[in-house]
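A short write-up of the structure that comes next.
In what follows, chains carry the letters A, B, and so on, assigned in the order in which the sequence lines appear, proteins first and then strands, with residues in each chain numbered from 1. Hydrogens, waters and symmetry mates are skipped; everything else that's a heavy atom, side chains included, is used.
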Amino acid sequence: MPEPAVSPSYDFIRTIVKEDIEAGKYGGRVHTRFPPEPNGYLHIGHAKSICLNFGIASEFSGRCNLRFDDTNPIKEEVEYVESIKKDVQWLGFAWDDTEYYASDYFEHLYQYAAELINKGTAYVCDLTSQEIREYRGTLTEPGRESPYRNRPVDENLELFERMRKGEFPDGSRTLRAKIDMKSGNINMRDPVIYRILHAAHHRSGDTWCIYPMYDFAHCFSDSIEKITHSICTLEFEDHRPLYDWFLDQLGVYHPQQIEFARLNLSYTVLSKRKLIELVENGFVSGWDDPRMPTISGLRRRGYTPEAVRNFCDRIGVAKRDSMVDMALLEYCIREDLNKQAPRVMAVLHPIRVVIENYPADLTEELEAINNPEDPAMGTRQVPFSRVLYIEHDDFLEKPPKQFYRLAPGREVRLRYAYFITCTDVIKDGKTGEVVELRCTYDPATRGGDSPDGRKVKSTLHWVSAAHACEAEVRLYDHLFTKAAPNEAVEGQDFKSNINPNSLSILKSCRVEQSLTSAPVGSFYQFERQGYFCVDPDSSESKLVFNRTVTLRDTWAKIQKALKK
RNA sequence: UGGGGAGUCGUCCAGUGGCAGGACGGCAGACUCUGGAUCUGCUUACAGGGGUUCGAAUCCUCUCUCCCCAGCCA
C-alpha cells in the first residue's frame, strides 16, 4: 500500500506513544483504558476520551479496556453502568470479552494498602474530616502533621484490619499515605487512601465497608491491568506525582499518566454535576433529552456515531484550555446526514393552497428523487392534488427584493410538480391573517420543468392536503443563550443562562404519505429545512419528529442582515 | 502570595531554527428543480519586552494573562 503523500500529523499523545513503541518501552505494547465512574451518563466530552483511548489502541495495534472506576458506592448505580456500555458500543467501539471494574480489585488493593503500612508509609488516622482539613494547611501555608502519623506499624495494621471488619463508624478513621505535609502540592500532604463507608456497593454488595480513594485505586488498577498509557484530563496533572509515588513505593508495574485538555463546547455545559442538576431540576426531560450534550441525548436528537467520531477527530487533542464551537458539531452531522438521509417533503407551518384550475377529483403520482447525493437510493411517488399545503414562511404579501419565494402574482415551482402562480390571497376577516392562497398551475410544467424554458426564482416543498399525515415536530435550539454558560452575572450561576426557547413543539405539521410508518430512529432530510429523526415517543397513531439540525439557511442570514 | 499547567486567525488544531498552514465560522462569487449540496476566492493570528542567530512561533531571559489544586468525589 502506498504511503500517504503527506505524513499524518500526530497529536502530542500519539507522538509519545509512537516514540515509546520505537524505544521499545513496555516491549512495544500499547494498552489504554477508558475509566468512567458510573455516576452519570456519558457526554460528548467522554466521547473525546473514548475516541482517543480506543482510537490509539486500534491505530497502534494495542488494546483498550473499558473499566468502571467504581470506588464510591454512594454515588454509583447499575443504571449508569448499563448506559455507559450502551453508549460506548453505540459509538462503535468494542472491548475484550469482559469489562473491568476497580471494585474487582478491592481485595488486591487492600493488600497493597497493608503493604504500604508495613513499609511505614501509611497510617491509620483518627482525625475527623474537619480536623484533616485544618491540618492540611492552605495553598500558601504548609500543613501540620497528624498526631497519629507515627503510630507503630503493628497498631496501624490492627486498626486497618478492624476498619475492614466494620468495627468503626463512618468517618471515624481513615488510612492515610505518609508523604509530606509541607509539600507545595496539596495532594501530597498525607492524602486519605481509604475511608469507612457502611454502604452497599452496586457490585460487591456488603462485602466491604472501607473503600479506596481515586488516587490509590486508579494507579494500581492501571498497574494490575498492565496499562501502558494512562490518559486523563488536565485537572489530574497535580495528581501525577501521587500516581507515581504509590507505584514506586511498592515497586510494581508502572504505567505512564498523560494529561490532555477536556472538551468544552459552546452553548452547553459538560460537567456531570451540572448535567445532573439540569435533569434533577426538570430543566430537561432526562439524560436523553435531545438538547442534552450526552451521548444518549445526541442519539435521540438524531446524531450518528460517525458524525460524533468525526467531530472528535476534527477537534484534535492538546493541553490548552479551549472552547470548541458548536457549529463544528453541527457541521459534522450535516456532512454525514447529507450523504445518508432520504429526502422527503414536510410542511412545518402549513398554509392552504388551492390550485383553482386543477380538477377537484384528480390525484397524480409524481416522481421524486430520494437522495440527489446518492442515485442508488432511487425514487418514490408523491401524490399531487387540487388542495395542498405549503410553508407559511414561503409566502409574503409584500416581499422584499431578496425574497425569491411566492408572492401575489409571482410564479414559483412546486418541487417535482408544477409551476404555480399566486392569484389571490384569502385573509381572516377579523385578524387579517393570511389563511389561504389561491393559485393557478401550468399543466405544461408537469414534473417541474417548463418546455418554453422559462425560469422561476424558487422551488417550494409541499404536501397534498388529502394525502399528508399529521405529525408533531420538536424544534431544538441551544440549551443556553450564552456561548460560555458558566459566565454568569454576579450572584447567579449557569442556570441563569438557560435558553427559555430551546424547545418548541409544532403540533400540526403535515408530512408526506411515505412517512406514515417511519420507524423510530430513522432519519430524513425535510427538504429545504433540515434533518429530522423519528422520536421514541412516536407511535402508529402519532408521528413525532425531532429536528437534529437545520440546513444551512442563506435566507435566514439575509433576514438577519435585513433587520440590522 | 505555594504548587502544577497553558498562551498561534473569530474558534479548534498543525508547524519545534529556514515561505505561518488546515478545518469550522464569516464574506464574495459560480452552479443548482432544496436560498441545500458542490466548487472557487477572500478572511487584521505567533501574549509583550529583551537576548542568541545569517535567520526565531520554535532556543535563552524577564514580564503579563488565563486555567487547575485546600473532598473521607472522580
I want to verify a distance call: between B:G35, B:A74, B:G36, whose nearest atom is closest to the A:Pro372 side chain?
B:G36
Near-ring test A:Tyr404/A:Trp555, centroid separation under 6.0 angstrom
no
Side chain of A:His239 only, please: which of B:A74, B:G5, B:C12 is the nearest?
B:A74
Interatomic distance where CG belongs to A:Asp11 and P belongs to B:U16 [whole Å]:
15 Å
Could one point to a donor on the side chain of A:Asp238 or the base of B:G3 with an acceptor on the other under 3.5 Å away?
yes
The nucleotide from B:C73, B:U34, B:G4 with an atom nearest the side chain of A:Glu237 is B:G4
Mind telling me if B:G71 is syn or anti? Syn here is a glycosidic angle within 90° of 0.
syn
Tell me: NZ of A:Lys319 to P of B:C13, nearest whole Å?
13 Å
Whole-Å distance separating the CD atom of A:Glu37 from the C1' atom of B:G71:
13 Å
Just how far, in rounded Å, is P of B:G36 from CZ of A:Arg405?
10 Å
To the side chain of A:Phe403, which of B:A37, B:C13, B:G35 is closest?
B:G35
Rounded to whole Å, the CD1-P distance (A:Ile196 to B:C73) equals 12 Å
Would you classify A:Leu139 as touching base, sugar-phosphate or nothing, given that sugar-phosphate means primed atoms plus P, OP1 and OP2, and contacts are heavy atoms under 4.0 Å?
base
Just the rounded figure in Å: distance from C1' of B:U34 to CZ of A:Arg415.
5 Å
Is there a Watson-Crick or G-U wobble partner for B:C66 with both distances under 3.5 Å, and which nucleotide is it?
B:G5
Sort out the partner of B:A28 for me: Watson-Crick or G-U wobble, both distances under 3.5 Å, none otherwise.
B:U40
Ignoring hydrogens and angles, are the base of B:G35 and the side chain of A:Gln559 linked by a donor-acceptor pair under 3.5 Å?
no
Under the criterion ring pair (Phe, Tyr, Trp, His ring centres under 6.0 Å), which of A:Phe68, A:Trp208, A:Phe106 is the partner of A:His201?
A:Phe106
What nucleotide among B:G36, B:G5, B:C12 has an atom nearest to a side-chain atom of A:Met323?
B:C12
Can you confirm if the aromatic rings of A:Tyr243 and A:His239 lie within a centre distance of less than 6.0 Å?
no
What is the nucleic acid contact for A:Lys272, judged by heavy atoms within less than 4.0 Å: base, sugar-phosphate only, or nothing?
nothing
What is the nucleic acid contact for A:Glu527, judged by heavy atoms within less than 4.0 Å: base, sugar-phosphate only, or nothing?
base
How would you label the contact of A:Gln525 with the nucleic acid (heavy atoms, under 4.0 Å): base, sugar-phosphate, or nothing?
base
Roughly how many Å is it from OH in A:Tyr243 to C1' in B:G4, rounded to a whole number?
18 Å
Mind checking if A:Ser458 touches a base, just sugar-phosphate, or nothing, with heavy atoms under 4.0 Å?
nothing
Mapping A:Phe12 and A:Pro36 to their closest nucleotides on RNA chain B, which lands nearer the 5' end?
A:Phe12
Heavy atoms only, 4.0 Å cut-off, all strands: where does A:Ile558 land among base, sugar-phosphate and nothing?
base
Within the structure shown, what part of the strands sits under 4.0 Å from A:Thr71 by heavy-atom distance: base, sugar-phosphate, or nothing?
sugar-phosphate
Interatomic distance, A:Ile196 atom CD1 to A:Phe168 atom CZ [nearest 0.5 angstrom]
7.0 Å
I want to know whether A:Phe545 and A:Phe532 have ring centres closer than 6.0 Å.
no
Span that lies between the P atom of B:U58 and that of B:G7, in whole angstrom
12 Å
Tell me if the side-chain of A:Arg334 makes a donor-acceptor pair with the base of B:G36, cut-off 3.5 Å, by modelled atom types.
no
What is the nucleic acid contact for A:Arg136, judged by heavy atoms within less than 4.0 Å: base, sugar-phosphate only, or nothing?
sugar-phosphate
Candidate nucleotides B:C12, B:G26, B:C73, ranked by approach to the side chain of A:Lys557 - the nearest:
B:G26
By the 4.0 Å heavy-atom rule, please label A:Asp449 as base, sugar-phosphate, or nothing.
base
Can you identify which nucleotide, out of B:A14, B:C24, B:A74, has its nearest atom closest to the A:Ala318 side chain?
B:A14
Please classify the nucleic acid contact of A:Phe68 as base, sugar-phosphate, or nothing, using heavy-atom distances under 4.0 Å.
nothing
Given the side-chain rings of A:Tyr148 and A:Tyr135, with only the six-membered ring counted for Trp, is the space between their centroids under 6.0 Å?
no
If you look at every strand shown and take non-hydrogen atoms under 4.0 Å, does A:His218 touch a base, only sugar-phosphate, or nothing?
nothing
Let's see if you can work this out: which of B:A6, B:U1, B:C69 has an atom nearest to the side-chain heavy atoms of A:Thr140?
B:U1
Salt bridge or not between A:Asp126 and A:Arg151? Use side-chain N to carboxylate O under 4.0 Å.
yes
Testing B:C72, B:C24, B:C12 for proximity to the side chain of A:Leu328, the answer is B:C24
Rounded distance in Å between the C1' positions of B:C27 and B:G4
43 Å
In whole Å, what is the span from the CD1 atom of A:Ile258 to the P atom of B:G5?
14 Å
Under 4.0 Å, heavy atoms only, any strand: does A:Gln402 hit a base, just the sugar-phosphate, or nothing?
base
Are A:Ile558 and A:Leu562 close enough that some pair of their side-chain heavy atoms sits under 4.5 Å apart?
yes
Give A:Ile132 one of three labels, base, sugar-phosphate or nothing, depending on what nucleic acid heavy atoms sit under 4.0 Å from its own.
base
What's A:Met213 touching, base or sugar-phosphate or nothing? Going by heavy atoms closer than 4.0 Å.
sugar-phosphate
For B:U11, the Watson-Crick or wobble counterpart (both distances under 3.5 Å):
B:A23
